[in-house]
Structure formats: structure tokens, C-alpha cells
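Here is how names work: the chains are called A, B, and so on, in the same order as the sequence lines, proteins then strands, and each is numbered from 1. These figures come from a predicted structure and were not determined experimentally.
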Amino acid sequence: MKRVVGRILLYAAVLIAAALVAMPMYWLVVSALKPSSEIFTATPRWLPGRIEWRNFVNAWEGAAFGRYFINSVGVTAAILFLQLVTSSLAAFALARRRFVGRGFILFAVIGALIIPIQVTFLANFITLQHFGWLDSYGALIAPFAASAFGTFLLRQAFLAVPDAIEDAARLDRCTGLAFLWHFLLPLARPTVVAFVLVALVAHWNDYFWPLIVTNRDQIRTLPIGLAMFVSQEVTTDWNLLMAATLFVAGPVLIVFFLTQRYFIRSHVNAGLKR
Amino acid sequence: MRFGRVLVAAAIAAIAGWTIPANADPVALSFWYPVDVGGGLTKIVDGLMADFNKTHPGIKVTAVYTGNYDVTLQKIQAGKLAGTLPDVGVTEISSVPVLASLGAAQPLDTLIAGSGGAKFLDKFWPSMLLNSRYQGKVYGIPFQRSTPVLYYNKDAFKEVGLDPNKPPETWAEMASDAEKLTKRDGGRVTRWGVELPLEAFNWFYYALVYQNGGQSLSADGTHVLWDQPKDIGALQYWYDLVNKYKVTPAYTPWNDGPPEFVAGRTAMIWHSTGSQSFMRQHVKFHWGMGRLPKNVQFGPPSGGANMMLYDTDPAKQKAAWTLITWLSAPAQAARWSAASGYLATSMAAWNEPEMQALVKKHPDVLVTKEQLKDAKAEPASPKYAPARDILNGLIKAVLANKEPLVAGAKKATAEANAAMAQ
């Protein structure tokens, strides 16, 4: 009996938590389907009175979303790839090698974590201008090729790998980068996956930087298209904004659902190994 | 004979070659603009630029969408430091002193003199030039301009026994109309009497101060006057609408206002003239527009954005000025106004067919024209940005009863003046 009550309470709590997460998603989808006269009503409308498929057409035509989508995928993928390469190499050195100035470099990396983009944007902007890279893919990717967050996170994960494993690997002539590739990265997989997801969301959603450094639709990314629907002076068409939000948020949600299983499994595996 | 003909032909070719450079590259211009509204306006801007390029073979303009007003300003400020300024940029009117004092925007007086001088400027509504100057020189040419108006629900007016053709004209009338229009279900308000949405630029605070006969910024732009009696009186009226008559919510986010009016959750609302097209598209009941009410005077604040020129090279300046004058000519001003809901900037634009058609279809639009004769400047100075944010915080805190009005205004005034003095 006690167990049954406990179960019911547990399920109730889980349901409430799930509802809290799912509600905004539900509202997003429903609002994207409503005609604008139903967006603000005295009592909330849980279902659209009339489904307005035109919203998606109007939203899609409101900005160059097709081009923005290709750019977002390319830019985000390039950033993630570069961040993984630079972060894992830096983390490898910081976690498993001794050299002069290691403590200072680690300190600098941690310091870089707390500096917001508003502080660095002007310096980065002017640097890119000197390179002649403004208004190019290089401007969208290069400033994010290294990640203090990723370096720190992977360093912590690499530290947790016992020295005995490295010694054993060395006997099999697996050293240096081979050790990083064959041992450290697979062992740190949960951290790597978590880092990729966080970085994916951050760079996929980035709005300010791409808007500042680009002047052409051909190289702009999805959040800029989304922002074209938000007005600072005149009113916003919320239903179109929600439809456009689905274009932008949809791919990330799909990636999350696809990797979620893998994400959880890698946690479980990591637990078993220890 | 034949030789002579060849000679003449060669001479003609040589002269033509001197005077008309064959296949010269057109002057390339960039035009940065911050419009939005459902993505539709980017299309209208692109259409205008395509027509400009067609009719001006020596110039090729590329229009670039640059985000909202704040980000556009940041992009231009960064562009000044990196040397990547646009040729022409559209920014919110209070940015004129900011970008002029930075040395980014260029004074236009010489170019204006070449286009007719005072006669050129006289074509605009005088109130639209109030935010154009910095230190005596003209920098901004009106482009997407607006003032706030009062939108009201005529059906709701009828329902409570008010004359649907007589929107309130004074503060007192607006408060008493709003009391009649507010509907309550127990303790819950199901329809507000009037909403004054708040945005980052504090538009309606300036409106109330002007209506009360005051100023919110000193004439030299160095200090704010929010602790002065007329400014206190303005905020007091807003406070009373919220907390004494209880006919206005303490806070309505700017973008929520028009949809709430559409949904019938407020019977009257102050909003930008730029929201007309949204209202026309979505409102299902009878509605109208009125001037913002007066207390001692009518005083709608100016809003929207001006065009400014950033080139220093004379050839580019000339091309950029051609673009600016073309866009502000009556035909283009009318086309832009009719499509966007922004106000036609030149007086002659109202005689253009697009505007005539609009007036015929929506006679109410004349209210927006009528109101322009009373319009006042938007407070602006090179260092006003922090003050703007402090004022925004003050309004929110006072209306929500989190801070006492007079003491709060004094504190905010001191804070803003200190921030502007830095």
C-alpha cells in the first residue's frame, strides 16, 4: 500500500515536472497555428479555433530562411568541430602533461570563462576588420574556434582517467595523440556529448554576433531571420514569430531527441565502468 | 570624302569617350535599415531600392537589414571604430547626437544648400526636423517616422453609453471614460479602460510630460528634469490611472499592446501610428483613432528613425545624397508610408495617389496628420543612453508601487545626472 502511494506521488511529481517543460513547447506549436485574432484572448485558448497553415508560408517568405538554414548548419558544425579539436588538445596538455606555466594558463582559461561577449565584441570586431574577414564565414566561425568552457570541462574529465591506464597504453606504444584519440576521448564521452549539446545550442541561437559582422543574406544565420519578426517600435505578429521559431528551434529539438538516448546511455555506461 | 567621314566619327567617339566614361562601374552604396513588422517591410525596402537602381544607372544600392534600433546603433558605433560604416544608415531619432558627436554621421548642410537649402527642408513637417540637428548642423533626414495615437474601441464606447465618435481629449476625460470602460468580474479585470504600453524609449512618459507643459531634459541636454513639478505631475497621472482609478495595468509590454486591443482586453490604447496596418488587418470590431489627450497642451512625442549619411568621400557623398533625396521625395515617401504605416515625411506626399487612396479608405488616418502640428522632440543627447534605462526602471517601480513617486523621481534624477556627467 505504502509503495503504491509512493508510486502515485512519484508519478504526479514527474508529470508536473514534464508539464512545466512541455507547456511552453505546446504553446509555441499552438500559437504558430492560430490566426492572430486568437493570440490574445481574455481566457487562454488551448486549441486554435481555426488552424492557420498560412502562418508557416508567410513566416517562411518573410525572410531568406532556406539560405539561413544552410548557413546555420555549416557555421555551427564548423564551430563545434574546431572547438572539439582545440579544446581536447588544450585539455590534454593541461590535464596530462607537466610544463612551465601550466598553472598560469589554466588560470587564464578559467578567467576567460567569466568574460561576457559584450566586453570582447569590439576587440574581436576590429581584429577581424584587420584580417579583412568581416562579412564572411570566417567572421562567424573564427572567434569561436577555441572554447574556454570546453577546455575546462574536458580537462576535468581527462584528469579523472587514472594514470595506470596511460601507463598500460604506453606499454602498447599508444602515446600522445593516439592515447588522446583511443583512450581519453572515449572515456570522457559523456562530457564530450554534454559539451557538444551546450555549445550547439549556444552557437545555433547566437544572434548578436552574426548580425554585427555580416551584411549579406547569403551568409546570415537563422536567428537573424527570426529577429526580423520582432519589432521594437511597431507591434509583433506573434503567430508568425512562433511559426518562424519552429523553423529555428525544430532542428535543435530533433538533435536533442536523437542524442538524448545516447546521452543517457553513455552516462549509464560510464557508471558501470567505474 | 570617306576619310573626312571617318575623321568626324573618330572625333565624335573621342569626345563621347571623354565626357561619358564607357562602362564605368556604378557607385556602390550600402543602406542599413532596422525595419521589421512581420518581415513584410524588408520586401518593401528591397522594392524601393530595386526601383532606385533601375532609375539611377550610375549608382547601385544594397539594402542591409541590421536588427532592431539598439543593435543597428551598436553596429554603426562598431563600424566607426573599425572603418566599416555604411553609406546611409537608418537609426532611431535620438541617435542623432550620439552618432554626430562620435564623428560617424556627417553634417548635411552643404548638400542641403545644393538641393535648395531652406526650401528643401521646408518640404518636411517641421516637427519631424526637431530631432535632426546637433550643435546647429543638420544630420538626420526623416524616413520612418511615427507619433503615438489613441486607438479606441467604438463598440465598447457605445456599450457603456459614450459617444463612439468622440474619443477623450483631455486627461480628465480619458480617466473618466476609462472608468466607464473598465469591466470587472469580481476582483478580476476582464477589460481595461486604457493601456499605456512601455518600451525601452519611455515614449509615453515624454508624452505625459509634454502634455503637462514640462520638459524632461534640459535644453543643453546635460541633465534630466524628472524631479521638477510638471514631470512629477505627469508620472502622478499615470500612477493614478493604475493605482487610484485602477483602469490601467501597471505594466503592458510594448508588443503585447496591439494584440490585447485586438482581443478586446483593453478598450483604449496608446500606440505607435506604425501599428495601424496591424489594427486594420486584425481588428474585428469598429474602432477609431484619436489624438493623445492633453492636460495643459497637446504634446505627442516624435518617434521612429532618420536617415543619416556616413561618407566623407565627395563622390560617394553625392551618390548617397541622391539616394536620401530620392527616398524622401513625395512619391517615395507616400509609397513607403502607405505600405508601412509610418507617417509620410513630406507634406506633399499627402497629395500622392497612394495617400489619397489611403485617406479615402481610412479617413481616421487624418488624425495622425493633424497631430503632427503639436508634435515635440524626443529627448536626446550624446550621453543619454544610461538615463533612458534609469527612467525605464523608475516608471516600472513607481507604477508597481515598489517605490514612492517623489522620492523615487529625485533619486533617479540624481543617478541619471551623475551617469550623464561622466
Side-chain angles (χ1 to χ4, degrees), chain A residues 31 34-45 55 58-65 118 121-130 132 134-135 139 207-217 220 223-241 243-244, chain B residues 30 32 34-43 62 64-72 74-75 77-79 81-84 86 92 144 146 190-191 199-201 254-265 271-272 274-279 281-284 303-305 340-342:
Chain A
S31 301
K34 283 178 178 175
S36 48
S37 58
E38 293 180 20
I39 290 293
F40 280 85
T41 44
T43 47
R45 291 184 80 140
N55 287 346
N58 290 343
W60 187 265
E61 286 174 350
F65 277 112
Q118 283 77 5
F121 106 82
L122 208 54
N124 280 341
F125 188 87
I126 291 169
T127 307
L128 287 168
Q129 158 66 10
H130 287 310
L134 285 181
D135 207 18
Y207 159 69
F208 181 76
W209 182 256
L211 187 61
I212 292 281
V213 296
T214 63
N215 290 328
R216 290 179 293 150
D217 267 348
R220 287 187 155 179
I224 295 176
L226 192 57
M228 288 183 178
F229 290 86
V230 187
S231 163
Q232 207 172 4
E233 181 179 352
V234 194
T235 197
T236 300
D237 283 324
W238 289 102
N239 45 351
L240 296 192
L241 178 62
Chain B
S30 57
W32 288 7
V35 290
D36 20 36
V37 212
L41 285 199
T42 55
K43 295 246 161 67
T62 310
V64 181
Y65 163 80
T66 47
N68 63 23
Y69 285 152
D70 284 341
V71 179
T72 303
Q74 279 171 307
K75 199 171 152 92
Q77 286 170 319
L81 293 169
T84 55
E92 208 274 338
Q144 53 185 58
S146 54
T190 55
R191 181 177 72 199
E199 31 66 283
F201 293 88
W254 184 256
N255 281 325
D256 290 2
E260 293 202 353
F261 181 73
V262 168
R265 284 180 61 179
H271 219 269
S272 169
S275 298
Q276 284 173 80
S277 49
F278 179 87
M279 301 295 196
Q281 219 181 324
H282 300 302
V283 177
K284 296 287 185 283
S340 67
Y342 285 113

Q: Starting at CZ of A:Phe125, measure out to OG1 of B:Thr84 and round the result to the nearest 0.5 Å.
A: 3.5 Å
Q. Which value, rounded to the nearest 0.5 Å, describes the distance between B:Asn68 atom CG and A:Tyr207 atom OH?
A. 4.5 Å
Q) Which region of A:Thr214, side chain (C-beta onward) or backbone (N, CA, C, O), has a non-hydrogen atom less than 4.5 Å from a non-hydrogen atom of chain B, or is it both or neither? A)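 It is the backbone, since no side chain atom gets that close.
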(Q) Given heavy-atom pairs under 4.5 angstrom as the criterion, report whether the side chain, backbone, both or neither of A:Ile224 touches chain B. (A)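 Looking at A:Ile224, backbone and side chain both touch chain B.
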Q: Give the C-alpha distance, both sets of side-chain angles, the deciding distance and a yes or no for side-chain contact (heavy atoms from CB on, under 4.5 Å) between B:Val64 and A:Arg220.
A: CA-CA 11 Å; B:Val64 181; A:Arg220 287 187 155 179; 3.6 Å; yes
Q | Heavy-atom pair count under 4.5 Å with chain B, highest-scoring of A:Ile212, A:Thr127, A:Ile126, A:Val213 | A | A:Ile212
**Q.** Residue pair A:Leu211, B:Gln74: steps toward the side-chain contact (heavy atoms from CB on, under 4.5 Å) verdict
**A.** CA-CA 10 Å; A:Leu211 187 61; B:Gln74 279 171 307; over 6 Å; no
Q. Does the side-chain contact (heavy atoms from CB on, under 4.5 Å) test come out yes or no for A:Asp217 and B:Tyr65, once each step is laid out?
A. CA-CA 9 Å; A:Asp217 267 348; B:Tyr65 163 80; over 6 Å; no
